[in-house]
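Notes for the one structure printed next.
All ligand and atom numbering here is 1-based and tracks the order in the structure. Just so it is clear, the model here is predicted, and its values are computed rather than measured.
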Amino acid sequence: MIEVFVAVGSNLGNPIAQARHAIMALAVLPESELQQASQLYGSRPMGPADQPDYVNAVVRLHTQLGPLALLDQLQKIELEQGRVRKDERWGPRTLDLDLLLYGEQVIQHERLTVPHYGMKEREFVLLPLAELAPTLVLPCGTPLTELVARCPRNGLSILAG
Ligand SMILES: CC1(C)Nc2nc(N)[nH]c(=O)c2N=C1O
């Protein structure tokens, strides 16, 4: 089994319910086991500010799925929960499931970049991830604690367990 971390984000269509539903869907992925889910965090949007606040979380999964097969499953859940891929870059969305880390692997594929390209400066990813894995070291050798310390603070609130 490979240990992976997935970021959950939503700011449309009852985001708390979207996030909770996504975590339940992740718990029944084939060839996978949900190990742990962070609390739900509320956060101001990074990017265009004229959109609702986000609900964010991170989950820890153990999986036998390959990276692209796992990505397919994540995109299936997004579509099942009504995600419509809009043109607007960084616009609001019902559900975003981003593969942050896939074991120690560095993946550069046209469909998939791991570690997730934006995670190092996203408070709404780093803090939930640190809740689950405070001693984590990224494949590049950077400790998560260092990224958390350096990360710009945009204001995160804890919404629910
Ligand atoms: C639009 C962009 C970059 N901003 C976000 N901002 C926050 N706070 N949370 C997100 O999940 C999120 N996702 C995004 O894709």
Side-chain angles (χ1 to χ4, degrees), residues 3-27 29 34-61 67-68 70-102 106-134 136 138 140 142 144-161:
E3 180 160 89
V4 307
F5 291 90
V6 176
V8 180
S10 172
N11 72 338
L12 289 179
N14 188 348
I16 289 180
Q18 291 284 352
R20 285 196 167 133
H21 195 273
I23 293 167
M24 288 190 291
L26 290 167
L29 279 184
L34 177 68
Q35 300 297 309
Q36 200 180 359
S38 73
Q39 300 175 98
L40 300 186
Y41 292 76
S43 58
R44 294 290 304 131
M46 180 180 111
D50 58 338
Q51 59 180 306
D53 284 357
Y54 278 80
V55 172
N56 286 109
V58 170
V59 302
R60 182 205 307 262
L61 285 176
L68 295 178
L70 177 56
L71 177 66
D72 288 341
Q73 293 289 333
L74 300 183
Q75 290 178 343
K76 183 165 171 277
I77 295 170
E78 287 177 337
L79 290 174
E80 282 167 356
Q81 291 191 209
R83 172 155 189 179
V84 177
R85 286 203 173 272
K86 294 214 184 316
D87 306 335
E88 188 190 350
R89 178 172 155 72
W90 285 13
R93 65 278 320 278
T94 49
L95 182 65
D96 231 353
L97 295 178
D98 290 328
L99 182 52
L100 299 174
L101 295 166
Y102 187 90
V106 175
I107 301 168
Q108 299 287 356
H109 184 278
E110 59 187 4
R111 289 186 61 203
L112 183 62
T113 298
V114 175
H116 184 272
Y117 70 94
M119 66 179 283
K120 292 188 176 181
E121 55 272 341
R122 295 183 177 191
E123 179 188 32
F124 56 84
V125 170
L126 294 173
L127 267 69
L129 181 58
E131 179 193 330
L132 300 185
L136 188 80
L138 269 67
C140 61
T142 306
L144 178 57
T145 47
E146 195 177 300
L147 295 172
V148 170
R150 284 205 311 244
C151 176
R153 288 296 191 265
N154 196 18
L156 217 54
S157 60
I158 292 178
L159 293 177

Checklist entry - Please walk me through it: do Leu99 and Leu112 pass side-chain contact (heavy atoms from CB on, under 4.5 Å)? => result CA-CA 8 Å; Leu99 182 52; Leu112 183 62; 4.1 Å; yes
Next on the checklist: Checking Leu159 against Gln39 for the side-chain contact (heavy atoms from CB on, under 4.5 Å) test, could you report, in this order, the C-alpha distance in whole Å, the side-chain angles of both residues, the deciding distance, and whether it holds?
Outcome noted: CA-CA 7 Å; Leu159 293 177; Gln39 300 175 98; over 6 Å; no
Checklist outcome for this item: dist Leu129:CG -> Leu101:CG (nearest 0.5 Å) comes out at 6.5 Å
Checklist entry - Could you state the interatomic distance from CZ (Arg93) to CD (Gln51), rounded to the nearest 0.5 Å? => result 7.0 Å
Checklist outcome for this item: Sorted by chain and number, sequence neighbours left out, side-chain hydrogen bond (donor to acceptor under 3.5 Å, both in side chains) with Arg122 holds for Tyr117
Next on the checklist: Is it true that, when you exclude His116 itself, more than 12 heavy atoms of the residues, nucleotides or ligands shown sit nearer than 6.0 Å to its NE2?
Outcome noted: yes
Next on the checklist: Residue by residue, ordered by chain and number, which ones reach under 4.0 Å of ligand 1 with a heavy atom?
Outcome noted: Ser43, Arg44, Pro45, Met46, Tyr54, Asn56, Trp90, Arg93, Asp96, Arg122, Phe124
